[in-house]
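Below: one structure, written as structure tokens.
Everything numeric here is computed off the predicted structure, so don't read it as measured data.
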Amino acid sequence: MAANSSSTGSKSSSSAGGKQSGPSAEQVVATFQRMRQEQRTMASKAAELEIEINEHSLVIETLKEVDPSRKCFRLVGGVLVERTVKEVLPALENNKEQISKIIESINTQMQAKGRELTEYRERYNIRLVGEGEADAQGQSASSSRDSEGGGSKSGAGVLVS
């Protein structure tokens, strides 16, 4: 089936004047879905790191109330090592700061990816199925009845689920 679609695509692209016609609807959707998945992955990582910060804060608050010479155990690279509270506390605080910086960086990247997604949606007139609940339910029926609703057939817009 891939051979059929590639041979059909090469015939239509040669008759349309090469690559000047732009990407196909499938390519647009695939790129959009990839970009959305990248943004979701970043959000997931940021949430995971937020949980780590909360755990670090909890441990730091607990260790501040403890005698600095008291021994404690820390997991370093999968190995449990014995240290004192006064050795572990600064390392935990440093780790928490580093994680905060990483979260800020990820949030900045997510905002940039969001702007890129918005520009991409506007450039290719991409509509999401979840946008406008009434439109999403009657999309197939209304597009066959309305002359303006056939946007995805004429290439004017792409509907993404």
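- Minimum interatomic distance between Gln27 and Pro23 (heavy atoms only, all atoms of both residues): OE1-CA, 3.1 Å.
- Of the residues Lys71, Arg70, Lys64, Glu65, the one that meets the side-chain contact (heavy atoms from CB on, under 4.5 Å) test with Val85 is Arg70.
- To the nearest 0.5 angstrom, Asn107 atom CG is 12.0 Å from Ile102 atom CD1.
- Considering OG of Ser100 and CD of Glu50, their distance stands at 7.5 Å, rounded to 0.5 Å.
- In this structure, the separation between CD1 on Ile53 and CD on Gln98 is 11.0 Å, given to the nearest 0.5 Å.
- A distance of 11.0 Å separates CD in Gln111 from CD in Gln109, rounded to the nearest 0.5 Å.
- Cluster annotation: Leu92 is not connected to Val81 through the hydrophobic network of ILVMFWY side chains, with a link wherever side-chain heavy atoms come within less than 4.5 Å.
- Hydrophobic cluster membership differs between Leu117 and Met42, with clusters built from Ile, Leu, Val, Met, Phe, Trp and Tyr side chains linked at under 4.5 angstrom.
- Using modelled atom types, no side-chain atom of Ser44 and backbone atom of Arg40 make a donor-acceptor pair closer than 3.5 Å.
- Val59 is connected to Leu89 through a chain of hydrophobic side-chain contacts under 4.5 Å among Ile, Leu, Val, Met, Phe, Trp and Tyr, so both are in one cluster.
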Please lay out, stage by stage, how Glu55 and Ile99 fare under the test side-chain contact (heavy atoms from CB on, under 4.5 Å).
-> CA-CA 12 Å; Glu55 290 175 357; Ile99 293 170; over 6 Å; no
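- In this structure, Tyr124 and Val29 have side chains that are not in contact, with every pair of non-hydrogen atoms separated by 4.5 Å or more.
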Determine, stepwise, if the pair Glu38 / Arg34 fulfils salt bridge (Lys or Arg N to Asp or Glu O under 4.0 Å).
-> CA-CA 6 Å; Glu38 289 172 3; Arg34 179 186 50 78; 2.8 Å; yes
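- Contact of the Leu128 side chain with the Arg121 side chain is registered, since non-hydrogen atoms from C-beta on lie closer than 4.5 Å.
- Connection of Leu75 to Phe73 is established within a shared hydrophobic cluster, with ILVMFWY side chains joined at heavy-atom distances below 4.5 Å, either directly or through further cluster members.
- Between atom CD1 of residue Ile103 and atom CD of residue Glu48 there is a gap of 10.0 Å, rounded to the nearest 0.5 Å.
- Connection of Val88 to Val66 is established within a shared hydrophobic cluster, with ILVMFWY side chains joined at heavy-atom distances below 4.5 Å, either directly or through further cluster members.
- Side-chain contact between Val76 and Arg83 is absent, with no heavy-atom pair separated by less than 4.5 Å.
- A distance-only check finds no donor-acceptor pair linking the side chain of Ser105 to the backbone of Lys101 [under 3.5 Å].
- How far CD of Glu61 is from NE2 of His56: 13.5 Å, rounded to the nearest 0.5 Å.
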Begin from the C-alpha positions of Glu93 and Lys96 and carry the test salt bridge (Lys or Arg N to Asp or Glu O under 4.0 Å) through to its verdict.
-> CA-CA 5 Å; Glu93 290 170 341; Lys96 182 181 171 186; over 6 Å; no
